[in-house]
Amino acid sequence: KAGVTQTPRYLIKTRGQQVTLSCSPISGHRSVSWYQQTPGQGLQFLFEYFSETQRNKGNFPGRFSGRQFSNSRSEMNVSTLELGDSALYLCASSPTQGTNNSPLHFGNGTRLTVT
Amino acid sequence: GNSVTQMEGPVTLSEEAFLTINCTYTATGYPSLFWYVQYPGEGLQLLLKATKADDKGSNKGFEATYRKETTSFHLEKGSVQVSDSAVYFCALSLIDGNTGFQKLVFGTGTRLLVSP
């Protein structure tokens, strides 16, 4: 079974631009979550989608948005990029909702650098 | 609120040394507990989990026991290898009372460095 696939692996953008990151979950997984990882803040939860609906949202400004498609693939978008948005963006999928013991399966992330 | 506290790193050990990485949690309700590991340049991988009090999760020589009385889930390994060098994250999972869906809370991570 293929794992979680994130594209692209690396991205360099300039301040003010926007960016779209893509995530393909493990086949059959319907829940997709996004995290931002930085050396200073650690892992921070962005949002979670299940069956095309946003179920949970972290404390990020409205510049960060996401969506999920009917095939469970997900995208996240960051508009008006700032230097502080430089981070590793991780996507994770899980098969179910409604239980508290489904582990997340992470992709290798997209490394975004804003200059 | 719900939170996870891990010991500060880095933890520096020689090969074959005993490893303990402390993790304590605060949670309302009955969480499941996880340890994830992140190798350089990769995402997080599930290392082990425990879903109820006194459960012991184990994998690849690593163990952790869900201690409800001390709200802890310390990670241990009897003899570390250079290949165990990575960042280790403790996490708890609960059903969010507002949404009814699973919510994970991660600790800040502990970097382990093992030298030959």
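A, B, ... follow the sequence lines: proteins, then strands. Residue 1 opens every chain.
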Applying a strict 4.5 Å limit to non-hydrogen atoms, the region of A/L88 in contact with chain B is side chain
Which portion of A/R9 sits near chain B, non-hydrogen atoms under 4.5 angstrom | side chain
Under 4.5 Å, counting heavy-atom pairs only, tell me which of B/L33, B/L46, B/L44 racks up the most with chain A.
-> B/L44
Are B/W35 and B/Y39 connected in a single hydrophobic cluster, I mean Ile/Leu/Val/Met/Phe/Trp/Tyr linked by side-chain heavy atoms less than 4.5 Å apart?
-> yes
Can you name the side-chain hydrogen bond (donor to acceptor under 3.5 Å, both in side chains) partners of A/R73, sequence neighbours left out?
-> A/S22, A/E75
What are the two closest heavy atoms between A/P103 and B/K49, and how far apart are they?
-> CD-NZ, 4.0 Å
Measure distances from B/Q45 to the heavy atoms of chain A and classify the residue's part below 4.5 Å as side chain, backbone, both or neither.
-> neither
Who in residues 104-116 of chain B is close to chain A, using a strict under-4.5 Å heavy-atom cut-off?
-> B/L104, B/F106
Indicate the atoms forming the closest heavy-atom contact of B/Q38 with A/L90, along with that distance.
-> NE2-CD1, 4.3 Å
Look at atom CZ of A/R63 and say whether more than 12 heavy atoms of other residues, nucleotides or ligands are closer to it than 6.0 Å.
-> yes
Other residues, nucleotides, ligands: >12 heavy atoms within 6.0 Å of A/N71 CG | yes
Assess whether atom CD of B/E69 is packed by more than 12 heavy atoms of other residues, nucleotides or ligands within 6.0 Å.
-> yes
Non-hydrogen atoms of chain B under 4.5 Å away: do they reach the side chain of A/Q37, the backbone, both or neither?
-> side chain
All salt bridge (charged side-chain N to carboxylate O under 4.0 Å, His left out) counterparts of B/K77, not counting sequence neighbours | B/D84
Do you reckon A/Y10 sits in the same ILVMFWY cluster as A/V4, going by side-chain contacts under 4.5 Å, direct or chained?
-> no
Select all residues of residues 9-22 of chain B having any heavy atom within less than 4.5 Å of some heavy atom of chain A, and report them by number, or 'none'.
-> none
Measure from the side-chain N and O atoms of B/Y36 to the backbone N and O of A/F106, and report whether any donor-acceptor pair falls under 3.5 Å.
-> no
Other residues, nucleotides, ligands: >12 heavy atoms within 6.0 Å of B/K68 NZ = no
